[in-house]
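Before any comments, here is the structure.
Lettering of chains follows the sequences in order, A, B, ..., and the numbering in each one begins at 1. Keep in mind the model is a prediction, meaning the values are calculated, not measured.
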There are 2 protein chains.
Amino acid sequence: MSSSSTSLAISENETPLDNIEQLELLPGVYDNYEGVIVEMKDPMDPNEFGSLLRASLSQWKQLGKRGIWIKLPIKLANLIEVVVKEGFVFHHAEPDYLMLVRWISETTNSIPANASHRVGIGAFVMNSNREVLVVQEISGKFKGTGVWKLPTGVVNEGEDICEAAIREVKEETGVDAEFVEVLAFRQSHRSFFTKSDLFFVCMLQPRSFAVQKQNSEIEAAKWMPIDEYADQTFVKKNSGFDYVAKVCLAKANNNYTGLSAIPTYSSSGKKTYLYSKLDI
Amino acid sequence: MSSSSTSLAISENETPLDNIEQLELLPGVYDNYEGVIVEMKDPMDPNEFGSLLRASLSQWKQLGKRGIWIKLPIKLANLIEVVVKEGFVFHHAEPDYLMLVRWISETTNSIPANASHRVGIGAFVMNSNREVLVVQEISGKFKGTGVWKLPTGVVNEGEDICEAAIREVKEETGVDAEFVEVLAFRQSHRSFFTKSDLFFVCMLQPRSFAVQKQNSEIEAAKWMPIDEYADQTFVKKNSGFDYVAKVCLAKANNNYTGLSAIPTYSSSGKKTYLYSKLDI
């Protein structure tokens, strides 16, 4: 991205310096796709902002720009209506900001899709006695049912799946563990408003064994014989849970190989995990 | 979810019907987590809306509600500022609406995370001559470089990965294909603003062979000997691409088994794909 700081003089007459009426454009950064990203930071009068926005749009159109992005922090929520009135739509939001976008070109709209999935992990951690690490949750569907589940959790922003599995096991049970591989994954839809879920079942090798539940979401945690885990009624009556339990049993019996986390590097040196079989 | 439509009379004095000053609450739906979801549909004066919102929050707090969700269509953007002033933050946005949320309970905030990942697929389609289906893209990093890539695309909202792979191959090349398995996947971060990407390399079996590029994003499409594909400089110099090519070659040589799409069913009958090895 290259930075852009342009200004458009609306009068070319020579006038004393303190009388120049100059209409500045909104501060924008150009991206590699003929787009402009404007990140508003300071409060501004909505009418003044509207004028600047209209002048900027006109200028960017002349420059052949296509997608215009405006990022508004929540403290500038009073400017949202102005941006919407100029034909922008919402693109995505995080707690502290809203991103709006408008396609100003005659070409086909190629604005990239918004994030569509939440990503979670379930951790299969087994000790040398064929006991699996399980928890009971304080809230949710299985509260008070006596059901024992694998530790699960949501992958944080920017977190690798293999790291999230280690973190969640530690947070929920106090057990240190090492990531081995992804055994299976499940994609489910409309799990939260219109969004989908990707849930990765990860195999981990324990490095400590003392169980100490540490999470405010966890009622109890313990090691449980793997056959007892797989025989629970709730596992049997949901074919997804049942299949996952069978995968874990197959892994316990050395009859299953999942996908390892293989660090790869782009030409610029960025490290990215590829989950794949090792034996290629 | 159960529907709720409550009203709170602010005066209990007996008065003629047309003089009753009654403050209605915002229409809300109760969820299973002591939450309330309000979906605004019709225009309302911001001041009137603010009064209703404050009265509603007070009532919901008394009822022990915890998370309050307000969904505003973009046409009601003038109400966003009012909601923010009442302590709400943004949760997520789609082009036509913004979702705001506020935790009103003393208990630990357990508002679920927003979607964090975009999901894409790359399709490895090979014919019986060990030729792989490849494309050149009209825009992006490899435009005009002569680089041949696997067909790729973004998984649509609510779409299964195995279906998306079939659709993208058809859209970009005109070739009909059948999903076989997921060979590998890659998770990369900050690929788009703060969001991450999950990219699934899918093996497909072709069912038709005539190539006809159909997508406005595709410059060219053809069948190419797999060794020639893997030997391209851009593949060699990026260890992620190189590893994927090696996985595809291993698959071509019958030395690799990925994860199949196995339909599973919840106790309520909802079908969900679990991606796992078949031989358990």
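- Contacts between B:Ser268 and chain A at a heavy-atom distance below 4.5 Å are absent for every atom of the residue.
- Here B:Leu98 is the residue among B:Leu76, B:Val201, B:Leu98 with the most heavy-atom pairs under 4.5 Å with chain A.
- For the pair A:Asn114/B:Glu94, a side-chain contact is recorded, criterion being any heavy-atom separation below 4.5 Å from C-beta on.
- Note: A:Ile74 leads A:Asn238, A:Ile74, A:Thr272 in heavy-atom pairs under 4.5 Å with chain B.
- For A:Lys75, no part lies under 4.5 angstrom from a heavy atom of chain B.
- Below 4.5 Å, heavy atoms of chain A meet heavy atoms from B:Val154, B:Val155, B:Glu157, B:Gly158, B:Glu159, B:Asp160, B:Ile161, all part of residues 154-161 of chain B.
- Side-chain rings of A:Phe185 and B:Phe200 approach one another, their centers coming within less than 6.0 Å.
- For residues 246-274 of chain A, the set of pairs meeting the ring-ring contact (aromatic ring centres under 6.0 Å, His included) definition, not counting sequence neighbours, is empty.
- Contacts between A:Lys246 and chain B at a heavy-atom distance below 4.5 Å involve backbone atoms as well as side-chain atoms.
- Taking every heavy atom of both residues into account, B:Pro112 and A:Arg118 meet most closely at CB-NH1, 3.4 Å.
- One finds the CG atom of A:Leu259 at 4.5 Å from the CG atom of B:Leu259 (value rounded to the nearest 0.5 Å).
- Chosen from B:Gly240, B:Pro95, B:Ala77, B:Ala184, the residue pairing most often with chain A at heavy-atom distances under 4.5 Å is B:Pro95.
- Of the atoms belonging to B:Ser196, it is side-chain heavy atoms, and not backbone ones, that fall under 4.5 Å from chain A.
- Residue A:Tyr33 qualifies as open at atom OH: its count of foreign heavy atoms under 6.0 Å is 12 or below.
- For A:Ala250, the part lying under 4.5 angstrom from a heavy atom of chain B is the side chain only.
- Looking at B:Phe199 and A:Leu274, their side chains never come closer than 4.5 Å, going by heavy atoms from C-beta outward.
- Within residues 78-92 of chain A, the residues having any heavy atom under 4.5 Å from a heavy atom of chain B are, by residue number, A:Asn78, A:Ile80, A:Glu81, A:Val84, A:Phe88, A:Val89, A:Phe90, A:His91, A:His92.
- Ranked by heavy-atom pairs under 4.5 Å with chain A, the first of B:Met99, B:Lys237, B:Arg186, B:His117 is B:His117.
- The candidate with the highest count of non-hydrogen atom pairs below 4.5 Å against chain B, out of A:Thr108, A:Asn253, A:Val247, is A:Val247.
- Looking only at heavy-atom pairs under 4.5 Å with chain A, the residue among B:Val244, B:Thr257, B:Asp96, B:Leu249 that has the most is B:Thr257.
- When A:Val182, A:Asn255, A:Thr194, A:Asp197 are compared by the number of non-hydrogen pairs under 4.5 Å with chain B, A:Thr194 comes out ahead.
- Here A:Ile262 contributes atom CD1 and B:Ser239 contributes atom OG; the two are 10.5 Å apart, rounded to the nearest 0.5 Å.
- When the candidates B:Leu198, B:Asp242, B:Leu183 are compared by the number of heavy-atom contacts under 4.5 Å with chain A, B:Leu198 comes out ahead.
- Here ring-ring contact (aromatic ring centres under 6.0 Å, His included) pairs that include residues 235-255 of chain A, with residues two or more places apart or in two chains, are A:Phe234-A:Phe241.
- Only the side chain of B:Lys270 comes within less than 4.5 Å of a heavy atom of chain A; its backbone N, CA, C and O stay farther away.
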